[in-house]
2 protein chains.
Amino acid sequence: MSTEEKIFNAARIVFQKKGFAGARMQEIADEAGINKAMLHYCFKNKQQLFEAVFMKAFSQLAPQINTIFNSEKSVFEKITQFTHDYISFVIENPFLPQFVIQEMNNNPEFVMSILTHANRPNPDLFISQIEKEIEAGIIKTIKPKQLLLNIFSMTVFPFAAQIMVKGILHLSDLEFNQMMEERKTSIAQEIINSIKK
Amino acid sequence: MSTEEKIFNAARIVFQKKGFAGARMQEIADEAGINKAMLHYCFKNKQQLFEAVFMKAFSQLAPQINTIFNSEKSVFEKITQFTHDYISFVIENPFLPQFVIQEMNNNPEFVMSILTHANRPNPDLFISQIEKEIEAGIIKTIKPKQLLLNIFSMTVFPFAAQIMVKGILHLSDLEFNQMMEERKTSIAQEIINSIKK
DNA sequence: GTTTGGTTTAACCTTTTGGTTAATAAAGGT
DNA sequence: ACCTTTATTAACCAAAAGGTTAAACCAAAC
């Protein structure tokens, strides 16, 4: 693994655990097992190192959404596939949602610039598809954006609020993961139940 | 308003916007319109000032949950009342959810100590009530904790991820608030639809 | 073997930041 | 009026944190 990769991975770990403001360059250097000056040799400064990490994280989250939402399937099929695939992905990267949400809140200007970029999540096609299926009488009358928000809420929230959820529901790491495994299939069923005519 | 209140309110604003690590004592002093030394005169240090703010925030969020969940109503009534009241409350305090979640992630040891305290959110009674209504054939077979997680996800997530939601769904502040107003009643309906026999 | 180029480091520098102090102003009791 | 206590401030301090530099290291090229 190249030094740049070592730094990047260390930065990912530290930034995701402590956030931008809480992360220390020295801690990233220690985590990478190299001298602090190397950070500035490979990446200009803290901000740029952070942006590299954040972009990578965001670019892993976003395209999947578009791939699924812009496919040729029905709304129900898309919901089923999205919730399953997305939870599978986030189980492997459990810190990503909270990391992205946190830094969007603390750093809105920088992040909004990302949202105007190319492969940003774009729900427009999915939204108009929902409207069509409502007119066709397949789905109950519901605001498409509300439905979309429900889907994201049910999939993402448990990971974003992981620590609190574990605390309040008295879940061990193992139990939490088992619940998330169940959710891969259960929440699609529940969402579909709530909107099918 | 006493100086202590001015400091507390300023601290609340700055901590909720920037988080513990990102907040600056000088910025809090400026926001309060007083000298920085006064912060240390009224509160011992940054940590203690933060804990005061966090405790207040958490103690506003938690008891409501218990009051509703431990009442004498049916599961459907509780879901209806909880989602409505909770969204109403969070509309008035839109930064609370993200603030609490963020600091729980960045500071788990400190926060877990709060969760063992007295008026922590305690869903035990509500969970056993769900089990009873499942046996009674009122509700479909579902894991109570999954249902609880669904309820929290649908109510809390849109606020926790507010900036991202606005960005992806192209919502102005006004449109976002209108959507949340709708959710006060709509999500209870949708949740109940998805679980009623 | 020596030069040359990119790596890597120890030591250093500068700014920021949380926190303190000592002096001053205001308030209250007698 | 005078003293005591409380509130408030400007100036200061020490530690932490981000960033720089100049020298050392090390491989490949000649």
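Within every chain, numbering begins at 1; the chains are lettered A, B, ... in the order of the sequence lines, protein sequences first and strands thereafter.
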Please determine whether a side-chain nitrogen or oxygen atom of Thr3(A) lies at a distance below 4.0 Å from atom OP1 or OP2 of dT8(C). yes
Output the rounded distance in Å from OH (Tyr41(A)) to C1' (dC25(D)). 12 Å
For DNA chain C, the residues among residues 43-54 of chain B that have a non-hydrogen atom under 4.0 Å from it: Asn45(B), Lys46(B)
Nearest whole angstrom, please: distance from the P of dA17(D) to the NZ of Lys36(A). 10 Å
Using a 4.5 Å cut-off on heavy atoms from C-beta on, say whether the side chain of Lys18(B) contacts that of Asn106(A). no
Would you mind checking if Lys132(A) and Glu135(A) are paired as a salt bridge, meaning a charged N to carboxylate O distance below 4.0 Å? no
Taken to the nearest whole Å, NZ/Lys18(A) to P/dG18(D) is 12 Å
Counting only side-chain heavy atoms from C-beta out, which of dT21(D), dA7(D), dT8(C) sits nearest to Met38(B)? dA7(D)
Can you say whether the rings of Phe69(B) and Phe126(B) are parallel (under 30°), tilted (30 to 60°) or perpendicular (over 60°)? parallel
Sub-4.0 Å heavy-atom contacts from residues 20-35 of chain B onto DNA chain C, ordered by number: Ala23(B), Arg24(B), Met25(B)
Quick one: which residue pairs count as a ring pair (Phe, Tyr, Trp, His ring centres under 6.0 Å) with a foot in residues 131-155 of chain A, not counting sequence neighbours? Phe82(A)-Phe152(A)
Any donor and acceptor pair, going by atom type alone, linking the side chain of Lys78(B) with main-chain N or O of Ser71(B) inside 3.5 Å? yes
Within a strict 4.5 Å, meaning less than it, do heavy atoms of the Arg12(A) and Phe95(A) side chains meet? no
Closest to the side chain of His40(A), out of dT20(C), dG18(D), dG18(C), is dG18(D)
